[in-house]
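Have a look at the structure below, then the notes.
No experiment lies behind these values; they were computed from the predicted model shown. Each residue takes its place number in the sequence, starting with 1. Atoms within each ligand, like the ligands themselves, are counted from 1 in listed order.
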Amino acid sequence: MQFVRYTNGSNAQWGVCQDDTIVPVAGLREEVSYQQLTDSGFLRLVENAVKAAGSNSVAVDETRILTPVPRPGKIVCVGLNYHDHATEQDEDVPERPLLFGKASTSVTNPRDPIVHPADLEQVDYEVELGVVIGRTAKDVSASDARDYVAGYTAINDVSGRDAQFVDEQFYRGKSYDTFAPMGPSLVPDEYLEPDSLDVACRVNGETKQSSNTSEFIFAVDELIEYISGITTLRPGDVISTGTPGGVGIFRDPPELLEPGDTVDVEIEGIGTLRNPVVAESDPGV
Ligand code: MG
């Protein structure tokens, strides 16, 4: 079941996306509780509401899909979490997850532009599975970790490589406004198996990354155990679980994003997150 946050001209609202239509979900408003998505009783109510919706649905084409997590409390990113991405960098498999932060204000909607900053030359794409937290989690064991997950979404962890490499830390290069497209749907944990999903990234229709989350070095439950042992995770926080091989900077020669490009990030069961790339100086941005 794919929850989507959308607008058809008025306030943002929540619905369930089925094929080309969205069934509005009464009671789930802008202030959606991510905790509700961890509650199977609530999910049964939504399932029944969707079945009973009849003609009470809207065509996806008549709406604007918004990111399901417009204001995450924090975005905790994991570097080097796919075996194939470690291989392309000649890096050893890490003993523990490599964590870094990405500003929560970098989130942007599906279809909205990724703004290529004038002061960067190496802007790169990274398809990542996003884990949205649904319940406050501190010192959670891996065996209990999934109980704390609201659901899963797709993230493009857009990365300014020149900033990342010059600074020798990740925050600036990862945090420019619009560098975290997120969406198009949020699929509750009970409907998705996060450690066996096909993931892909295409630039202008050409496949650049293609892998499966079974390549994870650290699975979602292990990441939640590790991160919640360090910092309290709260509802609406996001873990971005790392990217597979095929990123632009490690291609020979490098293939980086330029204004005019279109990037598709696709995750099985979640959908395709599409964003155009525009120059910072483009009018209207
Ligand atoms: Mg990343």
Side-chain angles (χ1 to χ4, degrees), residues 67 69 72 74-91 93-94 96-108 114 116-117 120 122-133 152-183 194-195 197-203 207-220 222-224 226-227 237-251 254-257 263-267 270 273 275 277:
T67 178
V69 195
K74 57 182 169 289
I75 305 173
V76 181
C77 298
V78 184
L80 216 62
N81 195 34
Y82 280 75
H83 287 284
D84 55 4
H85 189 43
T87 303
E88 77 180 348
Q89 297 178 66
D90 290 326
E91 293 277 0
V93 170
R96 66 180 69 85
L98 170 68
L99 304 183
F100 59 90
K102 190 172 178 84
S104 56
T105 42
S106 59
V107 172
T108 196
I114 296 165
H116 189 302
L120 292 183
Q122 299 177 328
V123 176
D124 207 348
Y125 51 81
E126 294 189 348
V127 56
E128 305 204 1
L129 177 70
V131 180
V132 181
I133 297 298
Y152 304 95
T153 189
I155 298 174
N156 188 348
D157 178 20
V158 180
S159 303
R161 302 298 185 197
D162 30 2
Q164 197 179 319
F165 296 150
V166 167
D167 292 1
E168 297 182 352
Q169 59 114 320
F170 291 179
Y171 191 80
R172 177 168 70 101
K174 298 283 187 175
S175 292
Y176 284 81
D177 287 356
T178 75
F179 272 25
M182 218 179 272
D195 297 319
L197 300 172
D198 287 333
V199 301
C201 179
R202 294 179 293 276
V203 179
T207 299
K208 302 295 185 184
Q209 296 182 281
S210 179
S211 190
N212 187 284
T213 57
S214 60
E215 286 277 322
F216 274 159
I217 295 168
F218 301 101
V220 166
E222 296 171 299
L223 292 174
I224 291 171
Y226 181 70
I227 297 167
D237 285 351
V238 174
I239 300 170
S240 199
T241 54
T243 203
V247 299
I249 193 70
F250 295 121
R251 289 176 170 270
E255 297 172 30
L256 294 150
L257 294 175
V263 193
D264 289 341
V265 152
E266 182 173 10
I267 299 186
I270 293 169
L273 171 66
N275 298 90
V277 181

Closer than 2.8 Å to the Mg ion (ligand 1), which protein N, O or S atoms? Glu126 OE1, Glu128 OE2, Asp157 OD2
Kindly indicate whether the side chain of Met182, heavy atoms from C-beta on, has any atom under 4.5 Å from the side chain of Leu273. no
Is the shortest heavy-atom distance from the side chain of Val76 to the side chain of Asp237 under 4.5 Å? no
Name all residues meeting the side chain to side chain donor-acceptor pair (under 3.5 Å) criterion together with Arg202; count only those two or more places apart in sequence or in a different chain, and write none if there are none. Glu266
Exactly one of Leu98, Ile239, Val131 should register a side chain to side chain contact (heavy atoms under 4.5 Å, CB included) with Val78. Which one does? Ile239
Ignoring hydrogens and angles, state whether a donor on the side chain of Ser159 or Lys174 is under 3.5 Å from an acceptor on the partner side chain. yes
Can you tell me if Asp84 and Ser211 form a side-chain donor-acceptor pair at under 3.5 Å? yes
